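Notes to accompany the following structure.
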Amino acid sequence: MIKKLISVAVIFSITLSLASCFPEEQKSQKNLLIYCGITMIRPMAEIAKIFEKKHDCKVVITKGGSGNLLKSIKTNMVGDLYLPGSETYIKEAVSSGLVAETAPVGFNKAAMMTLKGNPLNIPEDLSSLANSSYYVVIGNPKSGSIGRETKNILKKYGNFDQVIKNARQMTTDSKDLIRVIKDKEADLVINWFATSTWPENKDFVEVLPIDEKYAAKKKLVLGVLTVSKHHDLAKEFLDFAASDAGRKIFNKFGLYEIR
């Protein structure tokens, strides 16, 4: 049986954190709350710092698996913007009436990853994920964008059920998928390519590219929440993130020009 590394307290902890996002003394200052998938947290944090200085506001970013974040939005009905790791979550949010205005800010692409140098000589083929010789970890399709994308890729390839049976663990998000490789707890994962470009990861992780016909580039789409109390400010953040300056920041973190 696959060991599921999913915290049952994820939504509860996000709910509690929202209550302490904006201290009493900051109530006169405009604040934005952004729900952000883990892979995009770095460019969003950098954009937020620039935006705060320009608009004299406070931007709070809560991060997590894209699916869990959407559940939190539906539960709490507070916040201003949502950036999941897959456009499918934005489409779901739009169809649920939670998001009205959107803009593309970058791209994401999935890749197989193993330890630097590929010491086990794992073939660059999706069939490797069903090979019982390798300790395979995959993302949970119900909790995050990389899990959902993994399922889509393997369904297209035709070995999703075999990989599910072979996988030793399921985990919630890209952060844990990169960790299990770095800590040598896994031989092979599917993760978002961008995580392999970060300074603390690039010396430990080897990318095994996935053919475009199975893993195409995915648009990253930022959306303004319909429950936003500062809609105009949220829209300005959206426009800045989608501008040339914002996209350059996304590209710096491996989230725009992807091979």
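As the structure is a computational prediction, the values presented were derived from the model and not from experiment.
- The local environment of NZ in K116 is crowded, with over 12 non-hydrogen atoms from other residues, nucleotides or ligands closer than 6.0 Å.
- With hydrogens and angles ignored, the 3.5 Å screen pairs a side-chain donor or acceptor of N166 with a backbone N or O of L129.
- Around atom NZ of K175, no more than 12 heavy atoms belonging to other residues, nucleotides or ligands sit under 6.0 Å away.
- Looking only at distances, a side-chain donor or acceptor of N140 sits under 3.5 Å from a matching main-chain atom of K142.
- Looking at heavy atoms from C-beta onward, K182 lies in side-chain contact with E200 at the 4.5 angstrom threshold.
- Inter-residue side-chain proximity for I138 and I164 is flagged as met; some heavy-atom pair is nearer than 4.5 Å.
- Between the side chain of D173 and the backbone N or O of D176 there is at least one donor-acceptor pair closer than 3.5 Å.
- Residues P43 and K252 fail the side-chain proximity criterion, which asks for heavy atoms closer than 4.5 Å.
- Across F193 and M113, no two heavy atoms sit closer than the pair CA-CE, 3.9 Å.
- The shortest distance between side-chain heavy atoms of F240 and K54 does not fall below 4.5 Å.
- What you find for L222 and I90 is that their closest heavy atoms are C-CD1, 4.4 Å.
- In this structure, the side chain of T114 does not engage the main chain of L188 through any donor-acceptor pair within 3.5 Å.
- Here the side chain of R168 pairs no donor or acceptor atom with the backbone of V136 at under 3.5 angstrom.
- We find that K30 and E236 are not joined by a salt bridge, their nearest charged nitrogen and carboxylate oxygen being 4.0 Å or further apart.
- Across A48 and F237, no two heavy atoms sit closer than the pair CA-CE1, 3.9 Å.
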Fill in: I61/V59 under side-chain contact (heavy atoms from CB on, under 4.5 Å): CA gap, chis, key distance, verdict
CA-CA 7 Å; I61 302 175; V59 178; 4.2 Å; yes
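- In this structure, L255 CG and T39 OG1 are separated by 7.0 Å, a value rounded to the nearest 0.5 Å.
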Discussion item. Test side-chain contact (heavy atoms from CB on, under 4.5 Å) on M77 and L98; report intermediate values, then the result.
Written reply: CA-CA 9 Å; M77 295 300 286; L98 296 171; 3.7 Å; yes
Worksheet item: Passes side-chain contact (heavy atoms from CB on, under 4.5 Å), K219 versus F107? Steps please.
Response: CA-CA 5 Å; K219 276 196 296 187; F107 294 95; 3.6 Å; yes
Discussion item. Let's go through D125 and Y157 carefully: what are the C-alpha distance in whole Å and the side-chain angles of both, what is the deciding distance for side-chain hydrogen bond (donor to acceptor under 3.5 Å, both in side chains) to 0.1 Å, and is it a yes or a no?
Written reply: CA-CA 10 Å; D125 192 286; Y157 187 76; 2.8 Å; yes
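- The structure places CG of L238 at 11.0 Å from OG of S228, a figure rounded to the nearest 0.5 Å.
- Between I249 and I50, the closest side-chain pair of non-hydrogen atoms falls below 4.5 Å.
- T150 contributes a side-chain N or O that, together with a main-chain N or O of I146, makes up a donor-acceptor pair within less than 3.5 Å.
- Annotation: the span from I190 atom CD1 to L208 atom CG amounts to 10.5 Å, rounded to 0.5 Å.
- Between T195 and S174, the side chains place no donor N or O within less than 3.5 Å of an acceptor N or O (distance only, hydrogens not considered).
- Here S66 contributes atom OG and R148 contributes atom CZ; the two are 8.5 Å apart, rounded to the nearest 0.5 Å.
- For E149 against A215, the heavy-atom pair with the smallest separation is OE2-CA, 4.4 Å.
- In the hydrophobic cluster analysis, where Ile, Leu, Val, Met, Phe, Trp and Tyr join through side-chain heavy atoms closer than 4.5 angstrom, I38 is grouped apart from M170.
- Between the side chains of Q169 and Y135, at least one donor-acceptor pair of N or O atoms lies under 3.5 Å.
- Annotation: side chain of N251 is not in contact with side chain of R247 (no heavy-atom distance under 4.5 Å).
- Listed by chain and number, the residues in a side chain to side chain donor-acceptor pair (under 3.5 Å) with H231 are E101 (sequence neighbours excluded).
- In this structure a side-chain-to-backbone donor-acceptor pair under 3.5 Å is present from N159 to L126.
- One N or O on the side chain of D80 and one on the backbone of L33 form a donor-acceptor pair closer than 3.5 Å.
- Ion pairing between a basic and an acidic side chain is recognised when a charged N comes within 4.0 Å of a carboxylate O; K235 and D232 show no such pairing.
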Practice prompt. Could you walk me through whether T88 and E92 pass the side-chain contact (heavy atoms from CB on, under 4.5 Å) test, one step at a time?
Written response: CA-CA 6 Å; T88 57; E92 184 178 337; over 6 Å; no
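- With rounding to the nearest 0.5 Å, the separation of OH in Y256 from NZ in K217 is 8.0 Å.
- Residue W192 holds its CH2 atom at 8.5 Å from CE of M40, rounded to the nearest 0.5 Å.
- Listed here is the closest heavy atom pair of S128 and P123: OG-O, 3.0 Å.
- The backbone N or O of A100 sits nowhere less than 3.5 Å from a side-chain atom of T226 that would complete a donor-acceptor pair.
- The minimum heavy-atom distance between L32 and F51, with the atom names listed, is CD1-CE2, 3.8 Å.
- Remark: the backbone N or O of G64 is not paired with any side-chain donor or acceptor of Y35 at under 3.5 angstrom.
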